[in-house]
S.K.: 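Before I ask anything, here is the structure I am working with.
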Amino acid sequence: MPKDIIIAIDGYSACGKSTTARLLAEKLEYVFIDTGAMYRAVTLYFLQNGINFNRHEEVTAGLQHVHIHFEYNKETKRPDTYLNNKCVEDEIRSLTISECVSEVSAIPAVRRNMVAQQQLMGKNKRVVMDGRDIGTHVFPDAELKIFMTADLEVRVQRRVLELQKKRYTDIDASEIRQNLLHRDYVDSHRTDSPLIKADDAIELDTTYYTIPEQVEIVYQWAMERIQGTINGQH
Ligand code: DC
């Protein structure tokens, strides 16, 4: 009997986690949740409202006014991120947000708030969630955990292409490289749920794979869990 599962995809910035997670979810008819977009939306709210990240009271008061949801966009065939009912999908991808998001997502109160929402979103399973702490904290019992990596230069090029597609101008590859290195460092060294590979996660190095190839690999892994053919549990 096929079973409903949770698929957690974690890893460094710009390894193709969200693209893979989205396409995998489409193939499985599961819900895709980009948790990085949620941290980006909180960061946007804090910047727009002049909230000082270092002041606990400002952060906790601010969080009460942050409402995030996703809506499927028929044109782009992707979910758009909404902050307080306004679509912020393009805004949250800017370098300004990328430069502050690791600091904001290291704040324990922010993480508690986001993790609680993510756990609700996955309570009925059938989700593919990508982020940094999904397999370690949000869903430590996820049936399939993937830890994605890729060569730094390949990641820089992928981010450049992504920003070009979103029609950003003034794209500076060296600035992007610095930002990825900075975020990898902060994300892996914060005290609250840092980015680490869960013991039972499968590592996938996407450096030499095309998107369809990496989606096919994870699809096979997912089908094995869904059909219960792992460890001969037919
Ligand atoms: O996936 P992304 O690059 O859009 O994520 C943006 C930032 O959000 C990332 O640098 C760290 C943070 N993040 C996190 O701390 N935990 C998650 N589950 C997802 C993202």
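One-based numbering along the sequence shown. As the structure lists them, so they are numbered: ligands from 1, and atoms in each ligand from 1.
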S.K.: Just heavy atoms, cut-off under 4.0 Å: does Gln118 contact ligand 1 by side chain, backbone, both, or neither?
M.R.: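 Near ligand 1, Gln118 shows nothing, with every heavy atom at 4.0 Å or more.
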S.K.: Which atoms of ligand 1 have any heavy atom of Asp187 under 4.0 Å away?
M.R.: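 By the 4.0 Å cutoff, the relevant atoms are 9 (C), 10 (O), 11 (C).
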S.K.: Return the residue, atom name and 0.1 Å-rounded distance of the protein heavy atom closest to atom 1 (O) of ligand 1.
M.R.: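 For atom 1 (O) of ligand 1, the nearest protein heavy atom comes out as Arg132 NH1, 3.0 Å.
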S.K.: Could you tell me which atoms of ligand 1, counted from 1 in the order shown, lie closer than 4.0 angstrom to a heavy atom of Arg40?
M.R.: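 Close to Arg40: 2 (P), 3 (O), 4 (O), 6 (C).
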S.K.: Under 4.0 Å, heavy atoms only, figure out whether ligand 1 is touched by the backbone of Met38, its side chain, both or neither.
M.R.: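 It is neither part, as no heavy atom is under 4.0 Å.
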S.K.: For Tyr208, look at atom OH and say whether over 12 heavy atoms of other residues, nucleotides or ligands are found less than 6.0 Å away.
M.R.: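 Atom OH in Tyr208 is not packed in, count stays at 12 or less.
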S.K.: Measuring from the heavy atoms of Met114, does anything fall under 4.0 Å of ligand 1?
M.R.: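 Met114 does not count as a contact of ligand 1 under the 4.0 Å cut-off.
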S.K.: Apply the salt bridge (Lys or Arg N to Asp or Glu O under 4.0 Å) test between Asp34 and each candidate in Arg132, Arg22, Arg93; give the one that qualifies.
M.R.: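 Of the listed residues Arg132, Arg22, Arg93, the salt bridge (Lys or Arg N to Asp or Glu O under 4.0 Å) partner of Asp34 is Arg93.
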S.K.: Any idea which protein heavy atom is nearest atom 16 (N) of ligand 1, and the distance to it?
M.R.: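 Here the closest protein heavy atom is Arg111 NH2, 3.0 Å.
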S.K.: Using 0.5 Å steps for rounding, measure from the OG1 atom of Thr43 to the CD atom of Glu99.
M.R.: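 Answer for the OG1-CD pair, Thr43 versus Glu99, is 12.0 Å.
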S.K.: Using a distance-only test with no angle check, is there a side-chain donor-acceptor pair under 3.5 angstrom linking Arg78 and Ser18?
M.R.: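 No.
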S.K.: Counting from 1, what ligand 1 atoms have a heavy atom of Ser102 closer than 4.0 Å?
M.R.: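 Once the distances to Ser102 are compared, the set is 10 (O).
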S.K.: Quick test: of every protein heavy atom, which one is nearest to atom 3 (O) of ligand 1, and how far off is it to 0.1 Å?
M.R.: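 Heavy-atom neighbour on the protein nearest atom 3 (O) of ligand 1: Arg183 NH1, 2.9 Å.
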S.K.: With atom 12 (C) of ligand 1 as the reference point, say which of Ser105, Ser18, Ala8 has the nearest heavy atom.
M.R.: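 Residue with the shortest heavy-atom distance to the ligand atom: Ser105.
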S.K.: Parallel, tilted or perpendicular: which one describes the rings of Tyr12 and Phe147, with boundaries at 30° and 60°?
M.R.: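 Answer is perpendicular, since the angle exceeds 60°.
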S.K.: State, without any angle test, whether Glu216 and Gln220 hold a side-chain donor-acceptor pair at a distance under 3.5 Å.
M.R.: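 Looking only at side-chain atoms, Gln220 and Glu216 do form a donor-acceptor pair, the distance falling under 3.5 Å.
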S.K.: In Å and rounded to the nearest 0.5 Å, what is the CG to SG distance from Leu152 to Cys15?
M.R.: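 Separation between the atoms: 9.5 Å.
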S.K.: Can you list the atoms of ligand 1 that are under 4.0 Å from a heavy atom of Asp133?
M.R.: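 In order of number, 16 (N), 17 (C), 18 (N).
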S.K.: Do any nitrogen or oxygen atoms of Tyr39 lie less than 3.5 angstrom from nitrogen or oxygen atoms of ligand 1?
M.R.: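 The answer is no, given that Tyr39 and ligand 1 share no N or O pair closer than 3.5 Å.
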S.K.: Considering residues, nucleotides and ligands other than Tyr209, do more than 12 of their heavy atoms fall under 6.0 Å from its OH?
M.R.: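 Open: at most 12 neighbouring heavy atoms sit under 6.0 Å from OH of Tyr209.
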S.K.: N/O to N/O below 3.5 Å, does that happen between Lys17 and ligand 1?
M.R.: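 No.
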S.K.: Compute the shortest N/O to N/O distance between Asp130 and ligand 1 and return yes if it is under 3.5 Å, no if not.
M.R.: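 By distance alone, the answer is no.
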S.K.: Any idea which atoms of ligand 1 are less than 4.0 Å away from a heavy-atom of Thr35?
M.R.: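 With Thr35 as reference, the close atoms of ligand 1 come out as 17 (C), 18 (N), 19 (C).
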S.K.: Using distance alone, with no hydrogens and no angle criterion, decide if Asn113 and Gln117 have a side-chain donor and acceptor under 3.5 Å apart.
M.R.: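 Judged by distance alone, the side chains do pair up.
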S.K.: Step by step, work out the side chain to side chain donor-acceptor pair (under 3.5 Å) result for Arg111 and Ser193.
M.R.: CA-CA 9 Å; Arg111 300 207 70 76; Ser193 45; 3.0 Å; yes
S.K.: Are any of the N/O atoms on Asp34, whether in the backbone or the side chain, positioned under 3.5 angstrom from an N/O atom of ligand 1?
M.R.: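 For ligand 1, there is no N or O atom that lies under 3.5 Å from one belonging to Asp34.
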